[in-house]
Amino acid sequence: MNLFADIRALVIDALDAMTEAGALPAGLSLDNVTVEPPRDPAHGDMATNAAMVLAKPARAKPRDIAEALAERLGGDDRIASAEVAGPGFLNLRLAPSVWQGLVRGVLEAGMAYGRSDMGQGRRVNVEYVSANPTGPLHVGHTRGAVFGDALASLLDYAGHEVTREYYINDGGAQVDVLARSVYLRYLEALGREVAFEDGTYPGDYLIPVGEALAREKGEAWVDQPEEVWLEEARGFATDAMMDLIRADLAALGVEMDLFFSEKSLYGTGRIEAAIEDLRGKDLIYRGVLEPPKGKMPEDWEPREQTLFRSTAHGDDVDRPIMKSDGGWTYFAPDIAYHYDKISRGYDELIDVFGADHGGYVKRMKAAVSALSEGRVPLDVKLTQLVKLFKNGEPFKMSKRAGTFVTLRDVVDQVGPDVTRFVMLTRKNDAPLDFDFDKVLEQSRENPVFYVQYAHARVMSLLRKAEAAGIDTETSAFIAADLGKLDHEAELALAKKLAEWPRQVEIAARTHEPHRIAFYLYDLAGEFHGLWNRGHDLPELRFLQEGDPATSQAKMALPWATAVVISAGLGILGVEPAQEMR
RNA sequence: GGUCCCGUAGCUCAGCAGGAUAGAGCAGCCGCCUCCUAAGCGGCAGGUCGCAGGUUCGAAUCCUGCCGGGAUCGCCA
């Protein structure tokens, strides 16, 4: 159910009828006709630009079209008034019964209100986090994890078939570093003196891994060369790190559908197959790259390498896929990985990267475009930095000093719900301030609290209603006389609820889950506003003492609000609060 | 220097497929808060949407060029 879509359909029908009647020329495209809430509520409930969009192709004056359209729309009993305004807008006011019906519709649909079929079941792969398996997740990963997860839920809610995927970078040199670091911890666990030099990971989180290895291997690896232990240590260590990362994600409430190992691409011919595919398209060649324009690296020297002709698909320069020692560059398995995703039949791919990977967007898009022959779009979403604060003071992070903040630190301190919501209070490409104290504050300026408080208030209302002997089953609210919801303040809240399906579609289309968080904040504000009006106007209170019938009608509105808040928070992966403590 | 992102009220930020007089919170100023649904309420003020062009009936939004901030820039992932 989407009221804006319903009214748009009404407008389109009216325009078709006008064409039928000869008032408009045949064959006009109505694609650009929109029905939207006007910026200024004084202009009405909905506005359509139909007359302005059609004026030129119809060779008519916008106001004339608008007048004729207004006349036709006025015949529908949902339309209370249709007025031409400004350059040719048609402002519509809807009958109160429409809004009352909407509240009933929300209650009937429940959590499904706002679900959309815009995705048409298209299969979307969302790849996110994909952190190197060399240590616990930190705050930066947290944002990517929350963003990707919310985006996946959002797309699911909007009618897509979504896969959540994590690409394990377990094939590169950093895994050797990890293996050597774990080996040192292993020796340490056996009582040997060890030194952690530069180029190793000194983190404490490897201590238990070394201990486990010591229990398993005993003295077998002591004083042995790398050939003996490196490969096995690599596997052991990455497994341990992935267990750690999985647990971190679980603490945040993130559950992946698939973990894809980079290593699985090596030695299996899968990288070669992807590159062969490109070669067959004449996109692989041996050549020498120009140095980067303007900035000449000190050690630059012309070098012949194996290149991917990414410029043929929109990149700025061609990219090397092979190192001079004959090994693949990191880009080659990335190509193979995306080749795999394409071959799994997705209609759309989304990669969520940290902003520091912005430089890889074009080449990745080029690869996907080439491999899928333009069939599969790839959208890369970059998440900006998280700046940490403690009570307004910047919180310095330093890996060296051991004060870098992990996902666990954050979740342990403020909980998964607050973490997730706050991470979505900025759009993904804007830096985010995260203050450990402020996010827990119980005040209006804290959106997490403000939204949760709205939900908790409704729950408290329900408890009170129940205590007063009122039937609080949803069916009872649906059956109530909703015609009693006729105050402009009540209708205003209903109108906000009507926007929900629209916001879902916009957020899904733009791949911007933060819009859900902003909408919920808005909705909560509208709800608190109505609640506050009850201070001065007792007839606006939801519970009317001694009048269960009216109470039931009045409570349909907050209950519908709670349903939408729950659905919205559900997309964000946040549990709605039953009460505030 | 190339590429990408950002630039909107004093501050932090929204701004929907281009739409009407550009919004919110905070801070500031003025009221209210013995009744009631604690975690306040109502109001006022605050803007050349970085700058300059262009497209359009219409631009914060699209295009181009500048300015400022950030990220990144051939065998590291």
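Each chain gets a letter, A, B and so on, in the order its sequence line appears, and its residues count up from 1. Any value given below was found using the heavy atoms of this structure, including those in side chains, with hydrogens, waters and symmetry copies removed.
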**Request:** Assign M580(A) to base, sugar-phosphate, or nothing according to its heavy-atom contacts below 4.0 angstrom with the strands shown.
**Result:** base
Show the atom names and distances, to 0.1 Å, of all donor-acceptor pairs under 3.5 Å that link a side chain in residues 52-70 of chain A to residues at least two apart or in another chain.
| residue | atom | partner | partner atom | Å |
| --- | --- | --- | --- | --- |
| R63(A) | NH1 | G86(A) | O | 2.9 |

**Request:** Apply the test side-chain contact (heavy atoms from CB on, under 4.5 Å) to residues M46(A) and L3(A): give CA-CA distance (whole Å), side-chain angles for both, the deciding distance (0.1 Å), then the verdict.
**Result:** CA-CA 10 Å; M46(A) 295 187 183; L3(A) 200 51; 4.0 Å; yes
**Asked** Quick one: M364(A) CE to C4(B) C1', roughly how many Å, whole number?
**Response** 17 Å
**Request:** Quote, to the nearest angstrom, the P distance that separates G46(B) from G10(B).
**Result:** 11 Å
**Fill in**
Encoded 5' to 3' (Watson-Crick or G-U under 3.5 Å; [ ] crossing; | other strand), RNA chain B becomes (((((((..((((.....[...)))).(((((.......))))).....(((((..]....))))))))))))....
**Request:** Just do the side-chain contact (heavy atoms from CB on, under 4.5 Å) check on D334(A) and Y167(A) with the steps written out, would you?
**Result:** CA-CA 9 Å; D334(A) 277 352; Y167(A) 179 58; 3.4 Å; yes
**Fill in**
Here the residues of residues 447-463 of chain A within 4.0 Å heavy-atom distance, strictly under, of RNA chain B are F449(A), Y453(A), R457(A)
**Prompt:** Which one, C13(B), C36(B), U72(B), comes nearest to the side chain of R426(A)?
**Reply:** C13(B)
**Request:** Mark yes or no for whether T329(A), through its side chain, and P320(A), through its backbone, hold a donor-acceptor pair below 3.5 Å.
**Result:** yes
**Fill in**
Letter by letter from the 5' end, nucleotides 15-29 of chain B scores (B base, S sugar-phosphate only, - none; protein heavy atoms under 4.0 Å) SBB-BB----SS---
**Asked** Expressed as a whole number of Å, how far does the P atom of C51(B) sit from that of G68(B)?
**Response** 15 Å
**Message:** Between A45(B) and C30(B), how many Å separate the two C1' atoms, rounded to a whole number?
**Reply:** 10 Å
**Prompt:** Parallel, tilted or perpendicular for W500(A) and Y157(A), by the 30°/60° rule?
**Reply:** tilted
**Asked** Are H514(A) and F147(A) an aromatic pair by the rule of ring centers under 6.0 Å?
**Response** no
**Request:** Answer with base, sugar-phosphate or nothing: what part of the nucleic acid does Q174(A) contact at a heavy-atom distance below 4.0 Å?
**Result:** sugar-phosphate
**Prompt:** Roughly how many Å is it from CG in D429(A) to P in C13(B), rounded to a whole number?
**Reply:** 12 Å
**Request:** Please assess Q174(A) against T134(A) for the test side chain to side chain donor-acceptor pair (under 3.5 Å), listing each intermediate value before the final yes or no.
**Result:** CA-CA 8 Å; Q174(A) 78 282 359; T134(A) 55; over 6 Å; no
**Asked** Which whole number of Å gives the distance between the C1' atom of C35(B) and that of U48(B)?
**Response** 49 Å
**Request:** For L537(A) and G42(B), give me the distance from atom CG to atom C1', rounded to whole Å.
**Result:** 13 Å
**RNA chain B contacts made by residues 54-65 of chain A, counting heavy atoms under 4.0 Å** = K56(A)
**Message:** Say we look at C6(B) and G50(B): how far apart would their C1' atoms be, to the nearest angstrom?
**Reply:** 11 Å
**Asked** CG of L385(A) versus C1' of G70(B): gap in Å, rounded?
**Response** 9 Å
**Item:** Distance between P atoms of C13(B) and A17(B) (Å, rounded)
**Value:** 22 Å
**Message:** Rounded to whole Å, how long is the line connecting atom CG of D316(A) with atom C1' of U72(B)?
**Reply:** 12 Å
**Request:** Mark yes when over 12 heavy atoms from residues, nucleotides or ligands other than E304(A) sit less than 6.0 Å from its CD; otherwise mark no.
**Result:** yes
**Fill in**
Between CG of L530(A) and P of C41(B) the distance, given in whole Å, is 14 Å
**Asked** Which whole-number value in Å describes the distance from R533(A) CZ to C32(B) C1'?
**Response** 16 Å
**Y201(A): partners by ring-ring contact (aromatic ring centres under 6.0 Å, His included), with sequence neighbours left out** = none
**Request:** Give a yes or no on whether the backbone of V368(A) and the side-chain of H338(A) come within a donor-acceptor separation of less than 3.5 Å.
**Result:** no
**Asked** Just checking G172(A): base, sugar-phosphate only, or nothing, at a heavy-atom cut-off of under 4.0 Å?
**Response** sugar-phosphate
**Message:** In whole Å, measure the gap between the P atoms of C67(B) and U55(B) for me.
**Reply:** 24 Å
**Message:** Test your reading of the model: is there a side-chain donor-acceptor pair from R319(A) to the backbone of F308(A), 3.5 Å cut-off?
**Reply:** no
**Request:** Take atom CG of L382(A) and atom C1' of U3(B), then tell me their distance rounded to the nearest Å.
**Result:** 12 Å
**Request:** Indicate the ring-plane relationship of H138(A) and H141(A), choosing parallel, tilted or perpendicular according to the 30° and 60° boundaries.
**Result:** tilted
**Request:** Answer with yes or no after comparing the ring centroid distance for Y339(A) and Y337(A) against a 6.0 Å cut-off, counting only values under it.
**Result:** no
**Request:** Among R363(A), K341(A), K365(A), find the residue that satisfies the salt bridge (Lys or Arg N to Asp or Glu O under 4.0 Å) test when tested with D351(A).
**Result:** K341(A)
**Request:** Count the heavy atoms of every other residue, nucleotide or ligand shown that sit under 6.0 Å from CD of Q578(A), and state whether that count exceeds 12.
**Result:** yes
**Message:** Do S551(A) and Q544(A) pair up side chain to side chain, a donor and an acceptor below 3.5 Å, judged on atom types alone?
**Reply:** no
**Fill in**
Between G529(A) and D433(A), whichever has its closest RNA chain B nucleotide further toward 5' is D433(A)
**Asked** Say you pick atom C1' in A38(B) and the same atom in C16(B); how far apart are they, in whole Å?
**Response** 36 Å
**Message:** Heavy-atom nearest nucleotide on RNA chain B for Y330(A) versus P302(A): which residue maps closer to 5'?
**Reply:** P302(A)
